[in-house]
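Just below is one structure, and these are the notes that go with it.
All chains are named by letter (A, B, ...) in the order of the sequence lines, taking the proteins before the strands, and each is independently numbered beginning at 1.
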Amino acid sequence: MEKYQPKEIEKKWQERWESAGLYKDYSRAKKFYALDMFPYPSGAGLHVGHPKGYIATDVFSRFKMLQGYSVLHPMGWDAFGLPAENYAIKNKVHPSVATEKNIATFKKQLEAFGFTYDWDREINTTDPVYYKWTQWIFLKMFEKGLAYESNEPVNWCPSCKTVLSNEDLEGGLCERCGTQVVQKRLRQWVLRMTDYADRLLADLDSPEINWEESIKEQQRNWIGKSQGAQFKMSVVINGGSTSIMEVEPPTLAEGNYIEVYTTRLDTVFGMTYAVVAPEHKVIEQLKAQISNYDEVEKYVIASQNKTILERTELQKEKTGVKLEGVEVVNPFNNESVPLFVADYVLGGYGTGAVMAVPAHDERDFEFAKKYDLPIRIVIVKSMGSTAIDTSALPEDEYIAYRINEIQEMLDNKEAFADYGNIVNSTSEYNRLTSQQAREKMTAWLEENKLGQKKINFKMRDWIFSRQRYWGEPIPIVHCEKCGAVGVPEEQLPVRLPEVEKYEPTGTGESPLANIADWVNTTCPKCGGPAKRETNTMPQWAGSSWYYLRYIDPKNEKFLIDQQLEKDWMPVDLYVGGAEHATRHLLYARFWHKFLFDIGVVTTIEPFKKLMHVGLILAEDGRKMSKRWNNVINPDEVIGQFGADSMRLYEMFMGPFSQSISWNTNGVVGMRKFLEKVWKLSAQINTEEGRINTETQNNKKIQTLLHKTIKKVTEDIENFRFNTALSQLMILVNAMEKEYAKSATTKAHMRKEDYEKLLLILSPFAPHLAEELWQKLGNENSIFLQTWPVADEKYLKDEEIEMVVQVNGKVRERLLVAIDVTEDEVKETALENEKVKIFTDGKEIKKIIFVPEKLINIVVN
RNA sequence: GCCCAGGUGGUGGAAUUGGUAUACACGCCAGUCUUAGGAACUGGUAGAGCAAUCUGUGGAGGUUCGAGUCCUCUCCUGGGCACCA
């Protein structure tokens, strides 16, 4: 028999499958759309970690194909981005040149795995034919008022010389280069993602989404919905007595009040001061009334110059300045309290102003301690266990006892932030629970038109412009007369022009600003002189809708044909890294919902099932990186062991979503396994009359085979590839033992059994399975066959091992018929010598019988 | 600090509903073959003990005839968020 030569057969089948168009039958009744997160084609090429997700998707695609589905399984390139641009700056070559080269490398590497990609559908986000539609979507958002210009302070990376979105930050550092980001006031294009916050949150729980809980939870946290109340507090000058209760709400002019947001209105009677953020406009409005304005202004300027990191660093002490000469009035008790400016309050969240309750908020407590401000306890722990018996105490003593407990906490430098029962407020609220008080207080605010319920989100609008070269031009023209005007649809795409220098300017303009004949244009509205927008779109623009384009990649009239969209959407399976949980996956959901609103798509969510692929770490347990010199190249692994062995290893390593270290020895094991399958084909008995011999051994193998079919089917469905493969190994080991090793039993392997084995192995090791399949004389591809279904009649063993326990400990194992009765087992077990050792002379209290599993004899 | 995953042999891991802990694979040990090569073959491999047996799923309790699995507390690791009022 020939030896197993993966190098030869893999190349052969890849070519044949491709030329036969094996993956391009889109005419079947049932559809399945399997999608990988498309890669950024970096100069370094693939390492062994990249293909893990792709292999899983491929296994799934082949499995679905065998189950009779038309499978859409495309691949493409997310090719805009900084590395190509930085390479261009360094080497003076156009980014598209390096990108093209990298794509060729990636494609060649991917092809060695034998993936079922339909390369006719390949897309590239940097192709004008593609980004025409990225620009089109932006225009639609602009038309609907969802894309707007803003001059609010934004995150600026001084090293990359561009603004960044909140999602692009990692702990206040630039996600790409690790530089500290500063706040800068720059004109920016922003997408109103917050308009979709509620739907982005709520639809995570819709049946349209079947995602892992961890990813959903990350998105929930990122969106950060909080429910509270917002209310007004009037500002009084120089200890004046004007309270908001005496001034009719309509006469409250700017500068006469501040508005605060709180989720803990129940603690409002504990307010002993209030705080505004340094950015708050009331500071400017009260300039004349603030007697220490110089000091305040100094503080404001200093905090604006801080980096995000400096401002949010936890260990850092809180700082602030009291606004002398003004106070604010708590509407609940008409008490005026001092007002501070402090940068622990964020300008961009809520109203940029808060009521401060030091007894019941950690941050306020810290600040109050430092500035020696009064601390008033207004909630106490709910009824519950205490150190002493409080049931006999009269109520006032009980409350005094509880307040004392909180006081001890405060003395120990800790605020009491939990919910509890209200005290020290007014009689309407005292003794209510926090939740009850909050509702009653909110109702009071609404009655008196002082405030209302309010929902806030942590998520910000998406800052969408970048001051870099290698991105989609934003299709906007600025006209002095008409303002920002969208480029007419028929003029799309706005092509990225050639430039001399790719360097970012650092001025807040992109390098495109230097190309006069590109920048200067005419206004599409009035025909007058106008300038093009020179900012480009962020890295994440092209990937926010690419899954739609694969469905209809060559459509020149529209981004996707309406019927094809209905046929193929949503994506049934989406596989990629968890690092995209709050960026790509959020952006894509946002765009998809917008496209739904304007009638381009018909599903509310783009990705039905999402699986996140666990990292493959280097053998040293660190991330694979050039820096550590621990990168394993898939080409070498495939060259040494073959693509099928590599595919098997990555699926066998462990649970799919888990990070696991690479171990090349593991690939050896997979190769051994495939060799076994290969050699086993020699055991097929083809002699007339002996083919269907039903020996005892064959029956055993039948049972195992059908159990394996069942398990492999279920495991693939559930992404448990590791256990599917171990079950296949168990089957192959048993077949080898039965047919190849025990010549004396005269067992004969039936061809149909072996073919079933090949079928259920084929998604994992497609080349080997196809080769063996056709060697058996089959003419059509194995992938045009039908996935076997486990036959119930073979699933039950005739004999099973029954465990005999005494007091829960295993003492003996009995081989019994599957349908043995409880009494029969009891009898056998109690007479068993080994069991007797533990039961003799003891009273049998109870016998527990679990059919097909065990019998437990309970003695005293 | 908050949220989410996890902690099982020398290693990666299995045990799907409370029912035989360590399947499958790697590594290691012993042996076979000999072209002294292994990506070949055979057997062994949780720990302690001559053995019967005992002990074992991060730790401490609990529920149960029976717990890796359920409950309470606690320690550790990985990931995410982080002054969001």
Side-chain angles (χ1 to χ4, degrees), chain A residues 4 170-172 212-222 224-226 228 260-265 267 275 311-314 316 318 342-346 348-357 360-364 366-367 417 456-460 578-579 581-582 612 614-615 640-641 645 648-649 652-655 657-675 711 714-715 718 720 722-730 733 741 801-813 837 845-850 852-859:
Chain A
Y4 171 43
E170 269 176 15
E212 280 165 88
E213 195 51 40
S214 67
I215 306 258
K216 289 207 280 188
E217 197 57 30
Q218 273 188 54
Q219 288 214 352
R220 283 190 199 109
N221 289 342
W222 187 263
K225 183 176 183 170
S226 94
V260 296
Y261 172 73
T262 180
T263 54
R264 292 301 302 274
L265 193 59
T267 66
V275 189
R311 240 187 108 158
T312 58
E313 211 175 346
L314 265 187
K316 198 177 64 66
K318 298 206 173 1
D343 64 8
Y344 81 89
V345 171
L346 306 173
Y349 183 79
T351 59
V354 299
M355 66 177 206
V357 183
H360 304 295
D361 182 280
E362 290 293 342
R363 296 149 301 182
D364 298 342
E366 204 185 310
F367 191 82
N456 273 319
F457 294 96
K458 281 195 228 177
M459 189 178 81
R460 295 279 91 99
E579 70 273 19
T582 55
H612 98 258
L615 282 181
Q640 205 181 343
F641 303 101
S645 294
L648 251 59
Y649 176 63
F652 184 68
M653 288 176 88
S657 299
Q658 196 173 302
S659 306
I660 301 170
S661 295
W662 177 266
N663 178 3
T664 300
N665 273 326
V667 191
V668 176
M670 300 305 113
R671 176 66 185 264
K672 280 189 197 168
F673 167 67
L674 292 178
E675 298 270 7
K711 182 157 175 63
E714 288 168 359
D715 281 353
N718 293 303
R720 291 194 296 249
N722 55 333
T723 49
L725 283 168
S726 87
Q727 183 64 36
L728 280 163
M729 288 171 190
I730 290 168
N733 286 346
K741 289 184 182 167
E801 200 180 66
M802 179 151 292
V803 164
V804 184
Q805 295 181 335
V806 179
N807 283 350
K809 288 195 176 172
V810 181
R811 296 305 178 188
E812 180 61 307
R813 293 156 211 270
I837 297 171
K845 288 168 74 179
K846 200 181 338 179
I847 294 179
I848 287 148
F849 178 74
V850 183
E852 295 177 40
K853 288 233 161 74
L854 57 77
I855 179 165
N856 186 12
I857 302 161
V858 186
V859 296

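When heavy atoms are screened at a 4.0 angstrom cut-off, A:G350 is found touching no nucleic acid atom at all. Contacts of A:E801 with the nucleic acid, taken as non-hydrogen atoms under 4.0 Å apart, include base atoms. Heavy atoms of A:R220 sit nowhere under 4.0 angstrom from any nucleic acid atom.
Under the rule for a salt bridge (charged side-chain N to carboxylate O under 4.0 Å, His left out), the partners of A:E852 that lie at least two apart in sequence or sit in another chain are A:K796. Residues forming a side-chain contact (heavy atoms from CB on, under 4.5 Å) with A:I837 (at least two apart in sequence, or on another chain): none. By the ring-ring contact (aromatic ring centres under 6.0 Å, His included) test, A:Y649 is found to be paired with A:W662, residues two or more places apart in sequence or in another chain being considered. A:S726 pairs by the side-chain hydrogen bond (donor to acceptor under 3.5 Å, both in side chains) definition with nothing, not counting sequence neighbours. Legend: residues meeting salt bridge (charged side-chain N to carboxylate O under 4.0 Å, His left out) with A:D361, ordered by chain and number and at least two apart, are A:R363. A search for side-chain contact (heavy atoms from CB on, under 4.5 Å) contacts involving A:S657 returns A:E212, A:M611, A:H612, not counting sequence neighbours.
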- Query: Yes or no on side chain to side chain contact (heavy atoms under 4.5 Å, CB included) for A:Y261 and A:S226, after CA distance, side-chain angles and deciding distance?
  - Reply: CA-CA 11 Å; A:Y261 172 73; A:S226 94; 2.7 Å; yes

- Determine, step by step, whether A:L648 and A:L725 satisfy the side chain to side chain contact (heavy atoms under 4.5 Å, CB included) criterion, reporting the C-alpha distance in whole Å, the side-chain angles of both residues, the deciding distance to 0.1 Å, and the verdict. CA-CA 8 Å; A:L648 251 59; A:L725 283 168; 3.9 Å; yes

- Task: Please assess A:Q658 against A:L615 for the test side chain to side chain contact (heavy atoms under 4.5 Å, CB included), listing each intermediate value before the final yes or no.
- Result: CA-CA 7 Å; A:Q658 196 173 302; A:L615 282 181; over 6 Å; no

- Task: Determine, stepwise, if the pair A:I847 / A:N856 fulfils side chain to side chain contact (heavy atoms under 4.5 Å, CB included).
- Result: CA-CA 6 Å; A:I847 294 179; A:N856 186 12; over 6 Å; no

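For the P atoms, the distance from B:rC41 to B:rG9 is 29 Å, rounded to whole Å. The separation of B:rG68 from B:rA51, taken at their C1' atoms, amounts to 30 Å, rounded to a whole angstrom. B:rA46 and B:rC28 have their C1' atoms separated by 14 Å, given to the nearest Å. With C1' as the reference atom, B:rA36 and B:rG47 are 36 Å apart, rounded to whole Å. Taking atom P in both B:rC4 and B:rA67, one finds a spacing of 28 Å when rounded to whole Å. Rounded to a whole angstrom, the distance from the C1' atom of B:rC83 to that of B:rU64 is 48 Å. Across B:rA39 and B:rG7, the matching P atoms stand 32 Å from one another, rounded to whole Å. On the P atoms, B:rA21 is 36 Å away from B:rU32, given to the nearest whole Å.
A:A581 and A:I215 make their closest contact through CB-CG2, 4.0 Å (heavy atoms, listed as atom of the first residue, atom of the second, distance). Contact detail for A:G350 and A:N456: the closest heavy-atom pair is CA-ND2, 3.5 Å. Minimum heavy-atom separation, A:D715 to A:T723: OD2-OG1, 2.8 Å.
Its glycosidic angle being within 90° of 0, B:rG9 falls on the syn side. Base orientation of B:rG37: syn, the glycosidic angle falling within 90° of 0.
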For nucleotides 12-15 of chain B, which of its nitrogen or oxygen atoms have a protein nitrogen or oxygen under 3.5 Å away, and what is each distance?
unit_1 : atom_1 : unit_2 : atom_2 : d
B:rG12 : O2'    : A:M653 : O      : 2.6
B:rG13 : OP1    : A:Q658 : NE2    : 2.1
B:rA14 : OP1    : A:N722 : ND2    : 3.1

For nucleotides 38-44 of chain B, give me every protein contact, N/O to N/O, under 3.5 Å, one pair per line with atom names.
unit_1 : atom_1 : unit_2 : atom_2 : d
B:rU42 : OP1    : A:K741 : NZ     : 2.3

Please write out the pairs of protein N or O atoms and N or O atoms of nucleotides 60-66 of chain B separated by less than 3.5 Å, giving the distance to one decimal.
unit_1 : atom_1 : unit_2 : atom_2 : d
B:rC65 : O2     : A:N856 : ND2    : 2.5

Pick out the pairs of N or O atoms, protein on one side and nucleotides 48-58 of chain B on the other, that lie under 3.5 Å.
unit_1 : atom_1 : unit_2 : atom_2 : d
B:rC54 : OP1    : A:R811 : NH2    : 3.3
B:rC54 : OP2    : A:R811 : NH1    : 3.1
B:rU55 : OP2    : A:K809 : NZ     : 3.0

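Of the possible donor and acceptor atoms, none in the side chain of A:N718 sits under 3.5 Å from a partner among the backbone N and O of A:R720.
The interatomic distance linking A:E579 (CD) with B:rG79 (C1') rounds to 12 Å, in whole Å. When the C1' atom of B:rA85 is taken as reference, atom CZ of A:R264 falls 10 Å away, rounded to whole Å. For the pair A:N733 CG and B:rA25 C1', the computed distance is 10 Å after rounding to whole Å. Distance A:L674 CG to B:rA25 P: 13 Å, rounded to the nearest Å. Remark: P of B:rC26 and CG of A:L725 are 13 Å apart, rounded to the nearest angstrom. Rounded to a whole Å, the CE atom of A:M670 is 8 Å from the C1' atom of B:rC26. With rounding to whole Å, A:E213 atom CD is found 18 Å from B:rG80 atom P. Atom CD in A:E217 sits about 14 Å away from atom P in B:rG6, given to the nearest Å.
Residue pairs satisfying the salt bridge (charged side-chain N to carboxylate O under 4.0 Å, His left out) criterion with at least one member in residues 658-673 of chain A, sequence neighbours excluded, are listed as follows: A:R671-A:E675.
The phosphate of B:rG27 has OP1 or OP2 within less than 4.0 Å of a side-chain N or O from A:N665. When the side-chain nitrogen and oxygen atoms of A:Y349 are compared with OP1 and OP2 of B:rA85, one or more of them lie within a distance under 4.0 Å.
Rounding to the nearest 0.5 angstrom, the gap separating the CD atom in A:E366 from the NZ atom in A:K318 is 4.0 Å. For the atom pair A:M802 CE and A:I855 CD1, the distance stands at 7.5 Å (nearest 0.5 Å).
Place A:T582 and A:M355 on RNA chain B by their nearest nucleotides, and A:T582 ends up nearer the 5' end. The nearest heavy atom of RNA chain B to A:E714 and to A:M459 marks one nucleotide each, and the one closer to the 5' end goes with A:E714.
Base pairing in RNA chain B gives the following stems of 3 or more Watson-Crick or G-U pairs, range against range and under 3.5 Å: B:1-7 with B:75-81, B:10-12 with B:24-26, B:27-32 with B:40-45, B:46-48 with B:53-55, B:58-62 with B:70-74.
A:Q727 has its side chain out of reach of A:E714: every pair of non-hydrogen atoms, C-beta onward, lies at least 4.5 Å apart.
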